[in-house]
Amino acid sequence: MHTFTAIFVAALAAHLAIRLWLAGRQIAFVQAHRDAVPPGFSGVVSPVEHARAADYAAATERFERVEAVYDTLVVMGLTVGGGIAALGAWSESVAGSGVGGGTLHLLSVLAAAALLGLPFGVCRTFVLEQRFGFNRTRPGTFVADQLKGWALGLVLGGAAAAGVLWIMRTTDSWWWLAGWAAWLGFSLLVTWAWPRMIAPLFNRFSPLEDAALRERIDALLARCGFHAKAVFVMDGSRRSAHGNAYFTGLGREKRIVFFDTLLATLTPAQVESVLAHELAHFKLRHVPQRLVVGALMSLAGFALLGWLAAQDWFYAALGVPARSDSAALLLFMLAAPAFAWVVSPLLAAWSRRHEFEADAFAARHSDAGSLADALVTLYKDNATTLTPDPVYSAFHHSHPPPAARIERLVAAASTPA
Ligand SMILES: [Zn+2]
């Protein structure tokens with residue numbers, strides 16, 4: 001057995017063990033705090049709602065524990081189990097060993113992985129979300145979403161795969177630098193196309209019609225010196241009762257999108273404060289910082305891939321007998337997460353710092369009390385647990401625990417500006 005096979009399997013097992021351990025901690029912690037609403041929330045969140053949020057958090061973790069074990073087995077099967085090698089031989093027999101055969105290889109493995117993951121997608125929507133009353137997706141919508149997603153994956157994934165394979169074939173040992181540049185360009189193109197061409201395939205976007213709310217939003221944007229092209233309402237209620245708001249697009253072409261579910265539950269002042277928080281991520285340069293860090297991490301990934309692709313042991317240790325460009329890409333995509341997870345707590349901590357900064361910005365430019373009220377309403381409606389396990393939260397959560405956010409906002413609301 002290759003040394004790297006042992007290292008890879010050990011890394012996968014360590015990641016799985018940590019996920020299972022954290023999920024177990026989270027289940028135990030929310031259940032231990034199930035019967036007492038935390039002090040700051042007792043006026044708004046009822047004991048019944050609090051207990052339901054605990055049950056939802058525990059059920060989600062139980063579901064994810066099973067999924068984590070299953071995902072690990074799928075990755076093992078595709079790599080050391082010979083799945084990538086078998087589909088590689090099949091693709092070559094169908095389409096040859098050039099860019100066409102390589103693209104077919106990539107698409108066939110990604111399709112196999114998507115098919116294997118489908119049962120979990122069905123259960124998440126129609127069992128887990130259904131049980132807690134969040135699911136509004138009808139089976140027809142679910143099937144249509146899947147088909148559209150697959151078609152999109154075929155077109156976009158196929159184009160990206162063919163592009164990178166062509167670069168690998170036609171440039172020398174520095175191909176990874178050209179591959180990275182092409183990847184960045186492709187990502188920017190998708191970011192640009194998303195609100196215009198892709199998102200409308202899944203949802204309907206209509207201009208915000210509420211004139212009073214629109215006025216409030218325009219006043220906030222003017223106050224903060226921010227340009228957004230348009231404000232849209234998205235029919236999120238077609239699929240789920242969970243509410244949200246986000247910015248999309250590039251540069252001056254940015255759009256603001258509200259889920260209809262969010263507008264239905266928040267007052268205009270609360271909507272304004274939520275928007276001020278989202279806006280802060282741009283004004284405080286969080287978004288460009290994340291883009292730069294993401295680009296640098298993908299550069300490191302491509303450089304590593306450039307080196308690994310030239311090592312025979314990389315293929316042999318991960319279940320592929322013969323070198324090929326498509327196998328290098330696939331093995332890297334499947335094996336990298338087994339090691340890369342070690343940086344996820346750092347990224348989560350960085351993101352939590354941004355969230356606190358965005359809350360403080362919203363408190364300065366909008367209203368801290370309204371944002372606190374909005375968050376409590378969203379926590380309540382989304383059945384977000386108010387008592388996450390601190391270790392679980394530090395590892396996984398991109399947002400600070402509810403109590404910590406509310407505490408700072410309440411403090412800001414009581415201090416005159
Ligand atoms: Zn945020």
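Note that the structure is predicted; figures quoted are calculated from it, not measured.
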Side chains of [X] and [Y] only: does a donor on one sit below 3.5 Å from an acceptor on the other?
{"X": "Ser46", "Y": "Glu49", "value": "yes"}
{"X": "Asp260", "Y": "Ser237", "value": "yes"}
{"X": "Gln130", "Y": "Asn135", "value": "yes"}
{"X": "Ser298", "Y": "Trp183", "value": "no"}

In chain order, what residues pass the side chain to side chain donor-acceptor pair (under 3.5 Å) check against Arg19, with sequence neighbours excluded?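 Residues passing side chain to side chain donor-acceptor pair (under 3.5 Å) with Arg19: none at all.
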Is [Y] close to [X] at the side-chain level, that is, under 4.5 Å between some pair of heavy atoms?
{"X": "Ile27", "Y": "Arg65", "value": "yes"}
{"X": "Tyr246", "Y": "Met234", "value": "yes"}
{"X": "His15", "Y": "Val342", "value": "no"}

NZ or CZ of Lys283 within 45° of Phe226 ring axis and under 6.0 Å: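 Lys283 over Phe226 ring: no.
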NZ or CZ of Arg408 within 45° of Phe356 ring axis and under 6.0 Å: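 Output yes; distance and angle both within limits.
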Do [X] and [Y] have ring centres separated by under 6.0 Å?
{"X": "Phe134", "Y": "Tyr56", "value": "yes"}
{"X": "Phe282", "Y": "Phe247", "value": "yes"}
{"X": "Phe120", "Y": "Tyr70", "value": "yes"}
{"X": "Phe142", "Y": "Phe126", "value": "yes"}
{"X": "His242", "Y": "Phe259", "value": "no"}
{"X": "Phe361", "Y": "His277", "value": "no"}

Quick one, Arg214 with Asp218, criterion salt bridge (Lys or Arg N to Asp or Glu O under 4.0 Å). Give me CA distance, side-chain angles, the key distance, then yes/no. CA-CA 6 Å; Arg214 181 68 218 232; Asp218 288 340; 3.1 Å; yes
Please assess Arg136 against Glu129 for the test salt bridge (Lys or Arg N to Asp or Glu O under 4.0 Å), listing each intermediate value before the final yes or no. CA-CA 9 Å; Arg136 290 184 188 166; Glu129 293 287 295; over 6 Å; no
To the nearest 0.5 Å, tell me how far Trp192 CH2 sits from Met197 CE.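 So the CH2 of Trp192 and the CE of Met197 are separated by 4.0 Å.
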Roughly how far, to the nearest 0.5 Å, is the CG atom of Leu347 from the CZ atom of Arg352?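 Separation between the atoms: 10.5 Å.
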Can you name the salt bridge (Lys or Arg N to Asp or Glu O under 4.0 Å) partners of Arg353, sequence neighbours left out?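 With neighbours one apart ignored, the set is Glu357.
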Counterpart residues, salt bridge (Lys or Arg N to Asp or Glu O under 4.0 Å), relative to Arg223 (two or more places apart):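 With sequence neighbours excluded, Arg223 shows a salt bridge (Lys or Arg N to Asp or Glu O under 4.0 Å) to Glu272, given in chain and number order.
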Would Ser91 and His105 count as a side-chain hydrogen bond (donor to acceptor under 3.5 Å, both in side chains) if you check the C-alpha gap in whole Å, the side-chain angles of each, and the deciding distance to 0.1 Å? CA-CA 5 Å; Ser91 307; His105 187 201; 5.3 Å; no
